[in-house]
Amino acid sequence: MEQTQASSPSDFIRDIIEEDLRTHKHQGRVATRFPPEPNGYPHIGHAKSVCLNFGIAAQYKGTCNLRLDDTDPSGESMEYVESIIRDVKWLGFDWDDRLYYASDYYEKLYQFALQLIRTGKAYVCELGPDEIREYRGTLTEPGRESPYRNRTVDENLSLFERMRAGEFEEGSHVLRAKIDMASPNITMRDPIMYRIKRETHYRTGDRWCIYPMYDFAHCLSDSIEGITHSICTLEFENNRPLYDWFLEEVGIRPRPRQIEFARLNLSYTVMSKRKLMELVAKGIVSGWDDPQMPTLSGMRRRGYTPEAIRTFCERIGVSKNDSLIDMALLENCVREDLNERAARVMAVLRPLKVVIDNYPEGKSEELDCPFHPQKPEMGSRKVPFSRILYIDREDFMEEPPKKFFRLSPGKEVRLRYGYFITCTGVVKVPDTGEVVEVHCTYDPETRSGFAPDGRKVNATIHWVSAAHAIPAEVRLYDRLFNVPEPLAGEGDFTDYLNPRSLETLADCRLEPSLADAQPGSRFQFERLGYFCVDPGRSSAGTAVFNRTVTLRDSWAKIAVKTTP
Ligand code: ATP
Ligand code: MG
């Protein structure tokens with residue numbers, strides 16, 4: 001971690017912080033916060049914000065709070081709070097005892113609202129939602145003042161108290177800030193501070209029926225917590241004057257500064273929680289932690305490492321310009337990290353039986369296979385070899401084209417960490433012509449993987465011993481959408497779902513060393529990709545392995561091919 005922070009390149013946010021430190025603006029303090037609303041599981045976009053806020057705090061010896069920004073009872077729940085806590089920890093960050101809830105500030109915020117009413121800066125408005133919109137004006141026309149704008153302070157105090165007491169219908173009354181209906185910034189045209197919502201809040205139950213709006217609650221929560229730099233995404237740029245207005249009018253200290261950066265957009269997926277929720281609700285994915293989801297829990301289950309995600313967030317950096325980051329960049333970070341740490345093992349995904357006719361029946365031997373060719377310190381395991389093996393169907397062709405170097409009749413190949421074998425014939429299903437068995441001979445002199453006479457083979461293929469292999473289900477994941485920007489197309493984003501985003505192979509065979517592989521552990525299946533043990537079991541009761549990422553970027557080729 002230390003190293004990650006030390007190498008964080010500077011950006012405009014860090015420049016601001018360094019300038020503030022230089023001028024001793026906040027007595028040399030740096031305090032940030034990560035403020036998710038608990039209405040969904042965190043996704044890779046949140047990871048960018050987490051890495052930024054916690055990363056800055058660590059770099060400048062400051063603090064970063066985890067604040068659940070739970071000011072809207074609709075859709076918020078403890079399940080989401082728990083997912084946020086779990087995922088931020090998993091990413092490798094720690095908030096010590098600074099776990100806060102905006103809902104803990106309800107009473108304070110209510111008192112601040114009363115204060116603004118008393119100073120004539122807030123009023124209770126009885127326009128309906130449509131009228132409020134209509135009175136607001138447009139970008140080119142100023143708004144009109146509400147007929148309720150000039151009530152007396154006493155009238156406002158009484159009405160607001162009655163709002164809190166539950167005397168009014170939802171939508172009938174709101175509390176608004178009295179700012180400027182002619183402001184060129186629409187956000188400043190008497191924004192709503194409180195609305196009535198008759199919904200049970202997951203923490204405060206039915207104690208409240210009025211709830212503060214984001215703009216009112218967020219800046220004050222920041223100040224209550226002593227935040228110095230309140231980092232948010234670009235869409236809040238127009239809200240910054242309002243952020244400052246509330247702090248100024250309430251007269252609260254310290255005065256945090258809002259800084260906006262461009263949110264992460266990633267190709268071939270969607271990131272809005274509402275859209276992700278739709279995928280879950282419609283059963284398009286199996287849940288928020290489906291390995292196809294861009295959620296941190298989905299990525300964890302798929303085998304992504306927190307280190308890879310942090311590296312990704314560091315590489316994309318922060319800027320003021322919206323952009324679309326290529327999914328391939330994230331996948332490459334995962335590949336790079338797993339290349340370093342994943343043990344190499346052998347697995348056959350689509351088994352084809354191979355009989356070594358000159359290998360003694362009933363005999364087996366153990367071949368020593370290193371877990372990582374470049375890292376002897378990772379050790380090795382024994383892999384059993386015997387007369388009947390499985391190889392992957394893709395590694396055999398009865399009538400191969402010119403450039404097919406793997407196994408075919410008359411051809412010799414190397415078995416990874418084992419012998420050379422030569423194909424002598426096949427057994428086929430009479431009606432279909434499907435090859436169901438391949439016959440070979442092996443050369444006992446080639447156990448080391450090399451022939452004493454120096455002859456070469458053109459391919460090395462992976463294999464497992466049929467009698468020793470363990471069965472498993474393997475789920476091959478691919479991108480969830482087949483276009484880079486599913487939300488940019490005509491029609492619904494679900495029209496662009498990739499039909500091949502999940503392929504389940506129920507009858508795979510793995511080398512026996514994988515029998516005790518723990519959920520969450522990650523491996524490279526030689527020649528196939530990186531895989532991670534799923535916490536669940538298949539319907540047949542076997543272990544399930546999720547493909548994390550292929551060894552190479554197969555989409556790059558497709559992209560090149562389809563370029564006219
Ligand atoms: P969504 O669009 O998924 O609903 P949100 O912004 O409403 O996201 P919050 O829970 O309010 O979700 O987000 C918590 C924090 O994470 C905020 O500070 C927000 O700016 C940041 N954040 C959310 N999405 C992204 C993203 N794609 N890239 C960077 N930061 C993000
Ligand atoms: Mg939000």
Side-chain angles (χ1 to χ4, degrees), residues 37 39 69-76 101-138 142-183 185-221 238-239 241-243 245-252:
E37 182 181 0
N39 61 351
D69 198 8
D70 54 357
T71 52
D72 183 350
S74 342
E76 295 177 355
Y101 293 83
S103 53
D104 283 341
Y105 308 144
Y106 282 173
E107 186 59 41
K108 274 188 192 156
L109 296 172
Y110 178 76
Q111 295 300 329
F112 288 138
L114 289 178
Q115 186 189 329
L116 291 185
I117 293 175
R118 283 192 207 102
T119 53
K121 298 293 181 180
Y123 63 98
V124 172
C125 180
E126 289 173 53
L127 292 177
D130 293 338
E131 290 166 311
I132 289 184
R133 201 169 308 122
E134 193 198 313
Y135 273 69
R136 190 174 296 136
T138 63
R144 281 182 292 144
E145 295 191 349
S146 159
Y148 305 98
R149 200 173 198 259
N150 294 313
R151 297 197 210 259
T152 64
V153 167
D154 285 342
E155 211 179 337
N156 280 316
L157 284 174
S158 151
L159 283 168
F160 189 50
E161 275 159 18
R162 290 172 63 196
M163 275 172 69
R164 177 181 182 171
E167 288 188 28
F168 305 120
E169 298 283 301
E170 236 181 79
S172 65
H173 293 67
V174 291
L175 184 71
R176 298 177 71 172
K178 197 176 193 175
I179 309 182
D180 178 7
M181 288 306 291
S183 170
N185 181 349
I186 295 181
T187 314
M188 299 298 275
R189 295 182 187 168
D190 290 9
I192 297 175
M193 292 165 59
Y194 272 88
R195 75 274 201 224
I196 299 169
K197 273 208 163 192
R198 298 204 175 267
E199 269 179 76
T200 304
H201 187 274
Y202 77 102
R203 287 187 85 235
T204 57
D206 296 320
R207 242 173 303 161
W208 293 86
C209 64
I210 53 169
Y211 290 93
M213 300 297 287
Y214 174 90
D215 286 315
F216 179 63
H218 203 86
C219 53
L220 293 167
S221 304
N238 286 335
N239 302 50
L242 183 55
Y243 182 100
W245 189 89
F246 281 125
L247 292 174
E248 175 71 26
E249 295 301 332
V250 169
I252 193 173

Chemist: Look at Arg198 together with Glu169 and state whether they make a salt bridge at an N to O cut-off of under 4.0 Å.
Modeler: no
Chemist: Heavy-atom distance under 4.5 Å between the side chains of Asp70 and Tyr202, does that happen here?
Modeler: yes
Chemist: What's the spacing between Leu116 CG and Glu249 CD if we round to 0.5 Å?
Modeler: 7.0 Å
Chemist: Kindly indicate whether the side chain of Lys121, heavy atoms from C-beta on, has any atom under 4.5 Å from the side chain of Trp245.
Modeler: yes
Chemist: With sequence neighbours left out, what residues match Glu170 under salt bridge (charged side-chain N to carboxylate O under 4.0 Å, His left out)?
Modeler: none
Chemist: Taking all non-hydrogen atoms of both residues, which atom of Cys219 and which atom of Leu247 are closest, and how far apart?
Modeler: O-CD2, 3.5 Å
Chemist: Would Arg203 pass as a cation-pi partner of Tyr101, given that its NZ or CZ must be under 6.0 Å from the six-membered ring centre and within 45 degrees of the axis?
Modeler: yes
Chemist: Using side chain to side chain contact (heavy atoms under 4.5 Å, CB included), reason through Asn238 and Ile186 one step at a time and then give a plain yes or no.
Modeler: CA-CA 8 Å; Asn238 286 335; Ile186 295 181; over 6 Å; no
Chemist: Determine whether Leu242 and Phe216 make a side-chain contact, defined as any pair of heavy atoms from C-beta on separated by less than 4.5 Å.
Modeler: no
Chemist: Mind listing the closest non-hydrogen atom pair of Ala113 and Leu175 along with its distance?
Modeler: CB-CD2, 3.9 Å
Chemist: Using side-chain hydrogen bond (donor to acceptor under 3.5 Å, both in side chains) as the criterion, point out the one residue from Thr152, Asp190, Asn156 that pairs with Tyr123.
Modeler: Asp190
Chemist: Please lay out, stage by stage, how Thr187 and Asn185 fare under the test side-chain hydrogen bond (donor to acceptor under 3.5 Å, both in side chains).
Modeler: CA-CA 5 Å; Thr187 314; Asn185 181 349; 3.0 Å; yes
Chemist: Please examine the side chains of Met181 and Arg189, heavy atoms only from C-beta on, and report whether any two atoms are closer than 4.5 Å.
Modeler: yes
Chemist: If I compare all heavy atoms of Tyr194 with all of Met213, which pair ends up nearest, and what's the gap?
Modeler: N-CG, 4.2 Å
Chemist: Can you check whether Phe168 reaches Val124 side chain to side chain, under 4.5 Å on heavy atoms?
Modeler: no
Chemist: Does Gln115 form a side-chain hydrogen bond (donor to acceptor under 3.5 Å, both in side chains) with Gln111? I'd like the steps, not just the answer.
Modeler: CA-CA 6 Å; Gln115 186 189 329; Gln111 295 300 329; over 6 Å; no
Chemist: Testing the basics here: between Gly128 and Glu131, what is the closest heavy-atom pair and its distance to 0.1 Å?
Modeler: N-OE1, 2.6 Å
Chemist: Is the side chain of His218 donor-acceptor paired with the backbone N or O of Asp69 at a distance under 3.5 Å, no angle test?
Modeler: no
Chemist: Please examine the side chains of Glu167 and Leu159, heavy atoms only from C-beta on, and report whether any two atoms are closer than 4.5 Å.
Modeler: no
Chemist: Should the pair Tyr110 and Phe160 be assigned to parallel (<30°), tilted (30 to 60°) or perpendicular (>60°) ring geometry?
Modeler: parallel
